[in-house]
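First up is the structure itself, then whatever we jot down about it.
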Amino acid sequence: MSSRLIGVGVGPGDPELVTVKGVNALRDADVVVVPVMAAPDGKDGGERGRAEATVLHYVGAENVVRVVFALNERADRARREAAWDAAGERVAGLLREHAAVAFATIGDPNVYSTFTYLAQTVGALVPGTVVETVPGITAMQDLAARSGAVLTEGTEPLTLVPVTAGAAVLKEALHGPGTVVAYKFGRQAAEVAEALRESGRLDDAVWGSALGLPEESVRSAGELDGAPLPYLSTLIAPARREGGRGGKL
């Protein structure tokens, strides 16, 4: 029988935001893999990430396997590829030993997730592996709930932009219709603030980081002063809404 690799979305950090199905998938798996950021030497730096911290609320540490991924490597492609190959081999080895391996990812496994690349790699190494995903609550949903920002109304579109693609992509989105959500904008906070001012969307925008954690911050984008923010910061710039209730139905 083919082994199963299940990508489980564990939300943005608050353990209470893991779905019942997600908890069941984590507990039913033989082992749960959590991604670990590589240290400069390429080894496990010992830091506990959000996914691991969340998983440990529901699964015993004896069933959790830490696997190093090059989550922060962008400049050296060869080093990144080598790290990915090693991570894929590690998970492939677990699949050869176990019937069900879960991989915990923050947010949702199908939205800018490490799991996408892992599934591709493992599929080539262990043909016949059955890949499944369990959806998770995303940072934009959590930030909307915590800030009171409405993501969409009526016929409004929703645009999600990773600012790692460059501030120009965000600027283009801000000049379009609907709500714009920006992920991973912390290192380009100054450029993001300027793009919001240019588009006239600064006053209504909100940003958040470390959602659901003790160091959580949820603030108006008008307070952005250009200082760098945590890498995983999230921004919501709501659509311009006129015409009162139901104006865009």
Side-chain angles (χ1 to χ4, degrees), residues 1-73 80 82-119 121-123 125-126 129-139 142 209-216 230-232:
M1 182 178 293
S2 299
S3 294
R4 295 161 57 229
L5 175 63
I6 309 109
V8 182
V10 296
D14 184 345
E16 293 185 347
L17 291 182
V18 184
T19 67
V20 173
K21 186 170 184 177
V23 171
N24 289 338
L26 294 172
R27 289 175 173 170
D28 290 344
D30 298 308
V31 294
V32 178
V33 173
V34 294
V36 177
M37 187 174 293
D41 62 1
K43 298 180 180 180
D44 185 342
E47 180 180 353
R48 178 178 290 175
R50 291 192 197 182
E52 181 178 6
T54 303
V55 166
L56 290 174
H57 280 266
Y58 301 103
V59 177
E62 67 277 6
N63 290 330
V64 175
V65 177
R66 292 165 57 93
V67 175
V68 175
F69 286 82
L71 301 174
N72 56 341
E73 181 57 70
R80 182 176 68 245
W84 273 106
D85 288 344
E89 288 284 1
R90 180 76 176 93
V91 175
L94 292 171
L95 283 164
R96 295 185 185 105
E97 299 171 3
H98 301 285
V101 175
F103 180 88
T105 178
I106 59 172
D108 182 276
N110 294 304
V111 180
Y112 298 129
S113 171
T114 306
F115 180 75
T116 302
Y117 310 116
L118 176 66
T121 303
V122 169
L125 293 172
V126 189
T129 297
V130 176
V131 177
E132 303 171 4
T133 58
V134 178
I137 293 173
T138 61
D142 195 14
S209 64
L211 299 174
L213 304 177
E215 62 272 28
E216 174 184 280
Y231 173 69
L232 290 177

Quick one, [X] and [Y] - any side-chain contact, counting heavy atoms below 4.5 Å?
X	Y	answer
L213	R50	yes
F103	P109	no
L118	F69	yes
R90	V65	yes
L17	P12	yes

How many angstroms lie between atom [atom1] of [X] and atom [atom2] of [Y], to the nearest 0.5 angstrom?
X	Y	atom1	atom2	value
L95	T129	CG	OG1	5.0 Å
S209	E215	OG	CD	8.0 Å
D108	F115	CG	CZ	11.0 Å
E52	I106	CD	CD1	13.0 Å
I137	L211	CD1	CG	12.0 Å

Inset, instruction - For Y117, check ring pair (Phe, Tyr, Trp, His ring centres under 6.0 Å) against everything at least two apart and list the hits. - result: W84
Legend entry - Residue list, side chain to side chain contact (heavy atoms under 4.5 Å, CB included) with N63, at least two apart or on another chain: V59
Legend entry - Verdict with supporting geometry, V10 and L26, side chain to side chain contact (heavy atoms under 4.5 Å, CB included): CA-CA 10 Å; V10 296; L26 294 172; 4.2 Å; yes
If you take all heavy atoms of [X] and [Y], which pair is closest and at what distance?
X	Y	value
V122	G88	CG2-O, 4.1 Å
A104	V55	CB-CG2, 3.4 Å
A87	V68	CB-O, 3.4 Å
N110	S113	N-CB, 4.5 Å

Legend entry - Summary of salt bridge (charged side-chain N to carboxylate O under 4.0 Å, His left out) pairs that have at least one residue in residues 7-31, sequence neighbours excluded: D14-R146
Could you check whether any side-chain N or O of [X] sits under 3.5 Å from a backbone N or O of [Y], counting only pairs where one atom can act as donor and the other as acceptor?
X	Y	value
E89	D85	no
Y58	G22	no
T133	G7	no

Inset, instruction - Run through V33, V36, T114, V34 and flag the one making a side-chain contact (heavy atoms from CB on, under 4.5 Å) with V67. - result: V33
